[in-house]
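Here the structure comes first, spelled out in structure tokens, and everything after it is commentary.
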Amino acid sequence: RTPLTSIIGYLELLRTNSFQSQDEYNRFVQNTYSKATHLKKLLDDLFEYTRLTSMDTHLELKQIDIVQLLEQLLFEFEPIALENKIRIVKDIDHVPITVWIDSEKIARAIDNLLMNALKYSIKPGKVRISLRLDDEHIHVEVENNGNPLSLEQENKLFERFYKVDYSRSSEGIQTGAGLGLSIARNIIELHGGTLMLDHQDNLFRFTLSFPRNGK
């Protein structure tokens, strides 16, 4: 409701010509646009969560090079990371690794983990991404340094609509609906995998694991 209230407020100012200059008009328009895109993201997250938890959800499994998928995601993630004074550290071999996954959903899960790390990292800082594999599973790790969580906060982290106190988040990054980690975990569980958090002091390591050959 917050972005919608802001949108209505700015539109009312524009509708009644309640601006003093062209610069103020431009600022009202830009703020309205920003709030609208924020609202769209909240609705997209809610729709995605509802879709993932419905009974008729199915995966579109295809053979995908997980290394290439990660490289593409990090290429798209790097500009916003640099803008927020975050350095990306990669521990990924360049040898192709073929897996059976729903690439769109897995990309969404990894992107959610990257954005979570970006929001809650100490800045300037770094986000480390690594890829490991064993005989049967792929393990993608996203690691960052942030303010420590209480045990109660850690236990609630994957609950839907749960958001840690805003004081830990980046002011320049729009807050979500508190569904990002829930969506990521649902996606991985649909693939027969797990999403786990290892939290020691100010070090956070999310490990996303799933079978190499599908469910």
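The chain is numbered in sequence order, starting from 1.
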Go through the structure and list residues passing side-chain hydrogen bond (donor to acceptor under 3.5 Å, both in side chains) with E76, not counting sequence neighbours. Q72

Spacing of L190 atom CG and D102 atom CG [to the nearest 0.5 Å]: 9.0 Å

Is a side-chain donor or acceptor of N84 paired with a backbone partner of I80 at a separation under 3.5 angstrom? yes

Here the gap from E104 atom CD to R108 atom CZ, rounded to the nearest 0.5 Å, amounts to 9.0 Å

What pair of heavy atoms forms the shortest contact from Y10 to N31, and how long is it? OH-ND2, 3.1 Å

Considering all heavy atoms of both residues, which atom of A109 and which atom of L208 are nearest to each other, and what is their separation? CB-CD1, 4.1 Å

Got a sec, which residues hit side-chain hydrogen bond (donor to acceptor under 3.5 Å, both in side chains) with N145, two or more places apart in sequence or on another chain? none

Rounded at 0.5 Å granularity, tell me how far CD1 in I101 sits from CG in L59. 10.0 Å

With a 3.5 Å cut-off and sequence neighbours excluded, list the donor-acceptor pairs that the side chains of residues 131-138 form with protein atoms.
from, atom 1, to, atom 2, distance (Å)
R132, NE, E141, OE2, 3.2
R132, NH2, E141, OE2, 2.9
D134, OD1, E136, N, 3.0
D134, OD1, H137, N, 2.6
D134, OD2, H139, NE2, 3.0

F28, CZ: over 12 other non-hydrogen atoms inside 6.0 angstrom: yes

Measure the CD1-OG1 distance between I66 and T98 for me, rounded to the nearest 0.5 Å. 10.5 Å

For residues V95 and V67, report the shortest heavy-atom separation together with the two atoms involved. O-CG2, 3.3 Å

For L195, does its backbone N or O pair with a side-chain atom of R185 as donor and acceptor, under 3.5 Å? yes

Cluster link I187 to L197, ILVMFWY, side chain under 4.5 Å: yes

Just wondering, do L61 and H191 contact through their side chains at under 4.5 Å, heavy atoms? yes

What heavy-atom pair brings I64 and S103 nearest, and what distance separates the two atoms? CG1-CB, 3.8 Å

side-chain contact (heavy atoms from CB on, under 4.5 Å) assessment of V140 paired with T207: CA-CA 6 Å; V140 178; T207 302; over 6 Å; no

Can you list the residues that meet the salt bridge (charged side-chain N to carboxylate O under 4.0 Å, His left out) rule with E24, with sequence neighbours excluded? R27

With sequence neighbours excluded, tell me which residues meet side-chain hydrogen bond (donor to acceptor under 3.5 Å, both in side chains) with T194. none

With sequence neighbours left out, write down each residue that passes side chain to side chain contact (heavy atoms under 4.5 Å, CB included) with D93, or none if nothing qualifies. none

Can you measure from CD1 (I183) to CG (D111) and round to the nearest 0.5 angstrom? 11.0 Å

Do the ring planes of H199 and F204 sit parallel (below 30°), tilted (30 to 60°) or perpendicular (above 60°)? parallel

Any donor-acceptor pair under 3.5 Å from K123 side chain to L118 backbone: yes

Counterpart residues, ring-ring contact (aromatic ring centres under 6.0 Å, His included), relative to Y33 (two or more places apart): none

Just one of V127, L114, I110 clears the side chain to side chain contact (heavy atoms under 4.5 Å, CB included) bar with L74, so which one? L114

Residue list, side chain to side chain contact (heavy atoms under 4.5 Å, CB included) with S18, at least two apart or on another chain: L13, T16

For Q30, which residues count as a side-chain hydrogen bond (donor to acceptor under 3.5 Å, both in side chains) partner, sequence neighbours excluded? S34

Considering non-hydrogen atoms only, spot the tightest contact between D91 and R128 and give its length. OD2-NH2, 3.4 Å

So, N186 side chain and S182 main chain: donor-acceptor pair closer than 3.5 Å or not? yes

Hydrophobic cluster membership, L203 vs F206, 4.5 Å side-chain cutoff: no

In terms of hydrophobic clustering (I, L, V, M, F, W, Y; side-chain heavy atoms under 4.5 Å; direct or indirect links), are V89 and I92 co-clustered? no

Across all chains, not counting sequence neighbours, the ring-ring contact (aromatic ring centres under 6.0 Å, His included) partners of F77 are none

CD/Q68 to CD1/I97 distance, rounded to the nearest 0.5 angstrom? 12.5 Å

Distance-minimising heavy-atom pair for S209 and I188: O-CG2, 3.4 Å

Applying salt bridge (Lys or Arg N to Asp or Glu O under 4.0 Å) as the test, list every pair that has at least one member in residues 58-74; sequence neighbours left out. E71-K90

